[in-house]
Amino acid sequence: MERKIIESGCCFTDIKPVMVELPYPPIQVSERNLSYADLLSVDYCGAVSELTAIAQYINNENRLAGDQCPMAKTLLGMAICEMMHLQKLGELIVLLGGNIGFSASGRNGRPVMWSPSCLNIPSECGKMLAADMEAEKSTISQYEMHISWIKDENVNAVLRRIIQDEEYHIMMLKMLMKEVGCS
């Protein structure tokens, strides 16, 4: 019995982060502050977080790679950008005196573990992109709230720069929804 090899028609070797072409501010803090580290832990690995965005984009990219290669490549590029955000937040958390893990500070001060239940992964392409767009909007809203609470301009400068990438992702997702015409 002869076995047939099945290959993906999508080559991902040339993928670059999908992001605004601006530098990030230096990763530095004015002083250690565990309250700020706790806030950033929510952005790092809470329900609305960079870790959630990475997992959601990678899941969507994997499911689209066979039929929608250009879209899958764009989503992978967004995931790479979100990985950069995760790394920067991790550095800030450590500088603020916090610890990196897969739990965020909950409302009651107890750690809440990240899990795949944070993901919104519908199977239809259009709903998938809409879910990604809503996640980006929620992320921006959360960052803006954290900026209003954090009184360290070094930290806020990084968060404002990350917001620029998230806004760019929303624009790209809108373009994908129009261009690709998936339902």
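All of these numbers come straight from a predicted model, not from anything done at the bench. Residue numbers start at 1 and run along the sequence shown.
- In this structure a side-chain-to-backbone donor-acceptor pair under 3.5 Å is present from Thr139 to Ala135.
- Residues Glu50 and Glu166 have side chains in contact (heavy-atom distance under 4.5 Å, counting atoms from C-beta outward).
- In this structure, CD1 in Ile163 is found 11.5 Å from CD in Glu136, a value given to the nearest 0.5 Å.
- In terms of heavy atoms, Cys45 sits closest to Gly101 at SG-O, 3.6 Å.
- Here the side chains of Asp165 and Met84 are not in contact, with every heavy-atom distance at 4.5 Å or above.
- Counting only heavy atoms from C-beta outward, the side chains of Val42 and Val48 never approach each other to under 4.5 Å.
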Taking it one step at a time, do Gln68 and Leu176 satisfy side chain to side chain contact (heavy atoms under 4.5 Å, CB included)? CA-CA 11 Å; Gln68 300 280 353; Leu176 285 175; over 6 Å; no

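- Asn99 places none of its side-chain heavy atoms less than 4.5 Å from the side chain of Ile93.
- Here Glu61 contributes atom CD and Leu76 contributes atom CG; the two are 5.0 Å apart, rounded to the nearest 0.5 Å.
- There is no path of hydrophobic side-chain contacts, each under 4.5 Å, that joins Leu92 to Leu34.
- For Thr52 (side chain) and Gly46 (main-chain N/O), a donor-acceptor pair under 3.5 Å exists by modelled atom type.
- The CD atom of Glu91 lies 6.5 Å from the NZ atom of Lys88; values are rounded to the nearest 0.5 Å.
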Take Glu134 and Lys137 through the test salt bridge (Lys or Arg N to Asp or Glu O under 4.0 Å) and record every step on the way to the result. CA-CA 5 Å; Glu134 283 308 308; Lys137 289 176 183 178; 3.7 Å; yes

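- No donor-acceptor pair under 3.5 Å is formed between the side chain of Asp43 and the backbone N or O of Tyr143.
- Summarising the geometry of Ile150 relative to Asn156, their closest heavy-atom pair is O-ND2, 2.8 Å, with the distance given to 0.1 Å.
- Here ring-ring contact (aromatic ring centres under 6.0 Å, His included) pairs that include residues 145-180, with residues two or more places apart or in two chains, are His146-Trp149.
- Of all heavy-atom pairs between Arg32 and Gly97, the closest is NH1-CA, 3.1 Å.
- The two residues Arg161 and Pro23 have their closest heavy-atom pair at NE-O, 3.3 Å.
- Two residues are said to be in side-chain contact when any heavy atoms from C-beta on lie closer than 4.5 Å; Lys178 and Met175 fail this criterion.
- Side-chain N or O atoms of Ser141 include none that pairs as donor or acceptor with a backbone N or O of Ser138 at under 3.5 Å.
- To the nearest 0.5 Å, the span separating CG on Leu39 from CD on Gln142 amounts to 9.0 Å.
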Would Met171 and Lys174 count as a side chain to side chain contact (heavy atoms under 4.5 Å, CB included) here? Give the steps. CA-CA 5 Å; Met171 183 194 72; Lys174 285 179 181 177; 5.8 Å; no

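- Considering every non-hydrogen atom in both Ala131 and Asn120, the closest pair reads CB-ND2, 3.6 Å.
- Here CE of Met128 is found 4.5 Å from CG of Leu64. Values are rounded to the nearest 0.5 Å.
- Proximity of a side-chain donor or acceptor of Asp152 to a complementary backbone N or O of Ser30 within less than 3.5 Å is detected.
- The only member of Leu75, Leu119, Leu51 that meets side chain to side chain contact (heavy atoms under 4.5 Å, CB included) when paired with Gln56 is Leu119.
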Full working for side chain to side chain contact (heavy atoms under 4.5 Å, CB included) between Leu173 and Met78: CA-CA 10 Å; Leu173 290 164; Met78 289 182 193; 4.1 Å; yes

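- Hydrophobic clustering, with ILVMFWY side chains joined whenever heavy atoms are under 4.5 angstrom apart, groups Ile170 together with Ile80.
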Can you give me every donor-acceptor pair (side chain of residues 9-22, partner residue at least two apart or in another chain, under 3.5 Å) with its distance?
none

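- In terms of heavy atoms, Cys125 sits closest to Met71 at SG-CE, 3.4 Å.
- Leu40 is not connected to Val112 by any chain of hydrophobic side-chain contacts under 4.5 Å among Ile, Leu, Val, Met, Phe, Trp and Tyr, and they are in different clusters.
- A chain of hydrophobic side-chain contacts below 4.5 Å, direct or via other Ile, Leu, Val, Met, Phe, Trp or Tyr residues, connects Tyr24 to Val155.
- Rounding to the nearest 0.5 Å gives a distance of 10.0 Å between CG of Leu96 and OG of Ser35.
- In terms of modelled atom types and a separation under 3.5 Å, the side chain of Tyr36 and the main chain of Lys151 share a donor-acceptor contact.
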